[in-house]
Structures are given as C-alpha cells and as structure tokens.
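This report concerns only the one structure given below.
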Amino acid sequence: KATIGAGPVRHFELGGVGDAWHGLLTGAPMAQIKAASRHAAPGLVIASPEAWGLIGASSEGVSADEATRVTRVTSSLPPPATPPALPPVDPARLRRTVPQVVLERGAGGYGEFRTVSVLFVLLKDLPPDEQAFGKLQAAVAEAEMVAARLEGEIYQCIADEKGVAI
C-alpha cells in the first residue's frame with residue numbers, strides 16, 4: 001500500500017550524542033498521509049485531497065471521505081521547467097547519520113551473526129512539530145545516552161499515525 005501527501009515538509013535533525021544524528025520529517029504532508037492511511041490496504045495507492053489536486057488531471061480515481069484511491073495514471077506529469085537546485089552533500093555530515101556499526105563493519109564486506117535486543121520507544125505526547133522540538137531533542141538525546149551506556153545504538157526516528165518512535 002502507498003499513501004501520498006503534498007506540501008512543504010520540515011526536516012529535523014535530532015540527537016547529537018556522540019555526533020550521531022537522526023532525521024525526522026514533519027509537516028502537512030505527513031498529517032495527510034496519516035489521514036489517508038486509514039483508507040489504505042495492500043495493493044492500493046491512496047492520495048490525500050492536496051495530492052489529488054496535483055495529480056488528478058493526469059489520473060483516475062475513486063473518491064472516499066478524506067482521500068482518493070488512485071486507479072490509473074492516464075498521462076505523465078511534465079517535468080518542472082527548472083529542476084530544483086540541490087545543495088552539495090557534505091560527506092562528513094552524511095556520515096554522522098549512518099549507524100556506527102555500519103561504518104565499522106559494513107565497509108568490510110562481511111557479515112556476522114549477533115544476538116540483538118530491539119526496543120521501540122513511542123513518544124505519544126510529543127507531536128513532531130516545531131513547538132515540541134526541544135522536548136523531542138531531549139528525548140532522543142537521552143535515548144542515545146542510554147543506548148550508548150548499554151553498548152547499543154539508535155537506528156532511526158520516525159513519525160507516523162501513532163506518534164514519534166525511536
């Protein structure tokens with residue numbers, strides 16, 4: 001299943017303990033995806049009203065309450081007249097987003113079997129927005145410190161319909 005939202009997004013970088021950073025996307029499209037996901041099922045593509053406003057002229061779909069099930073793409077959208085300029089990628093900054101275990105073991109081209117413990121932390125009362133950024137930052141930094149003390153790492157931070165999860 002896939003859900004589509006449209007609009008500006010905000011990218012937060014959280015953490016920083018041991019110079020490890022975790023990206024988190026927020027914004028109206030994320031809320032749209034959350035609402036549209038209630039209509040999604042395996043094999044379906046669901047567009048929010050905002051996304052449908054952009055693709056509806058070149059697609060066919062069946063409208064539901066808060067979303068449209070895309071049934072067919074009738075024509076390709078034209079590419080933008082001027083592609084957006086992307087900033088250069090700073091390798092050192094990119095490296096800080098890769099888990100240390102991948103940096104240490106991944107480049108060697110070999111694998112290993114390890115016993116692992118996985119823990120998911122759901123921050124239900126912290127919405128992924130600018131008002132809660134300080135609290136999100138503190139929660140992720142604290143989780144990083146606890147993980148480091150236990151010789152572990154944070155794999156990712158994600159926001160979905162349930163809240164922010166570490």
Exercise for the section: Please list, chain by chain and in numerical order, all residues satisfying side chain to side chain contact (heavy atoms under 4.5 Å, CB included) with A165, sequence neighbours excluded. Expected result: L122, I158
Handout entry: Pairs meeting criterion salt bridge (Lys or Arg N to Asp or Glu O under 4.0 Å) with involvement of residues 20-30, two or more places apart
Key = none
Exercise for the section: Can you see which heavy atom on P29 is nearest to which on P8, and at what distance? Expected result: CD-O, 3.1 Å
Problem - Minimum side-chain heavy-atom gap T71-R69 below 4.5 Å - result: yes
Practice task
Please name all residues satisfying side chain to side chain contact (heavy atoms under 4.5 Å, CB included) with A28, sequence neighbours left out, ordered by chain then number.
Solution key: Q32
Practice task
Kindly work out whether a path of hydrophobic side-chain contacts (I/L/V/M/F/W/Y, heavy atoms less than 4.5 Å apart) joins I55 to V45.
Solution key: yes
Handout entry: Non-hydrogen atoms of L14 and L24 that approach each other most closely
Key = CD1-CD2, 3.8 Å
Fill in the blank from the handout: Closest heavy-atom pair, T3 versus A40, reported as atoms and distance to 0.1 Å, is CG2-CB, 3.9 Å
Fill in the blank from the handout: Residue pairs passing the ring pair (Phe, Tyr, Trp, His ring centres under 6.0 Å) test with at least one member in residues 126-153, sequence neighbours excluded, are F12-F133
Problem - Any donor-acceptor pair under 3.5 Å from S58 side chain to T74 backbone - result: no
Problem - Nearest-0.5 Å distance that lies between atom CD in E66 and atom NZ in K34 - result: 11.0 Å
Practice task
Check salt bridge (Lys or Arg N to Asp or Glu O under 4.0 Å) between E153 and all other residues, then give those that pass, not counting sequence neighbours.
Solution key: none
Show me the side-chain donor-acceptor pairs of residues 83-97 shorter than 3.5 Å, one per line, residues at least two apart or across chains.
unit_1: D90; atom_1: OD1; unit_2: A92; atom_2: N; d: 3.1
unit_1: R93; atom_1: NE; unit_2: E13; atom_2: OE2; d: 3.4
unit_1: R93; atom_1: NH2; unit_2: E13; atom_2: OE1; d: 3.4
unit_1: R93; atom_1: NH2; unit_2: E13; atom_2: OE2; d: 2.7
unit_1: T97; atom_1: OG1; unit_2: L94; atom_2: O; d: 2.6

Practice task
Check side chain to side chain donor-acceptor pair (under 3.5 Å) between R149 and all other residues, then give those that pass, not counting sequence neighbours.
Solution key: none
Fill in the blank from the handout: For L119, the side chain to side chain contact (heavy atoms under 4.5 Å, CB included) test, sequence neighbours excluded, returns V121
Practice task
Any pair with a residue in residues 31-71 that passes ring pair (Phe, Tyr, Trp, His ring centres under 6.0 Å), sequence neighbours left out, goes on the list, sorted by first then second residue, please.
Solution key: none
Problem - I166 with W21, same ILVMFWY side-chain cluster at under 4.5 Å - result: no
Tell me which donor-acceptor pairs under 3.5 Å the side chains of residues 135-148 have, and how far apart each pair is, sequence neighbours excluded?
unit_1: Q137; atom_1: OE1; unit_2: G15; atom_2: N; d: 2.9
unit_1: Q137; atom_1: NE2; unit_2: G15; atom_2: O; d: 2.6
unit_1: E144; atom_1: OE1; unit_2: G16; atom_2: N; d: 3.2
unit_1: E144; atom_1: OE1; unit_2: V17; atom_2: N; d: 2.9
unit_1: E144; atom_1: OE2; unit_2: H22; atom_2: NE2; d: 2.8

Fill in the blank from the handout: Contacts of T68 meeting side chain to side chain donor-acceptor pair (under 3.5 Å) (sequence neighbours excluded), chain-then-number -> none
Exercise for the section: Write out all pairs satisfying ring pair (Phe, Tyr, Trp, His ring centres under 6.0 Å) with one or both partners inside residues 54-92, taking only residues at least two apart or from two chains. Expected result: none
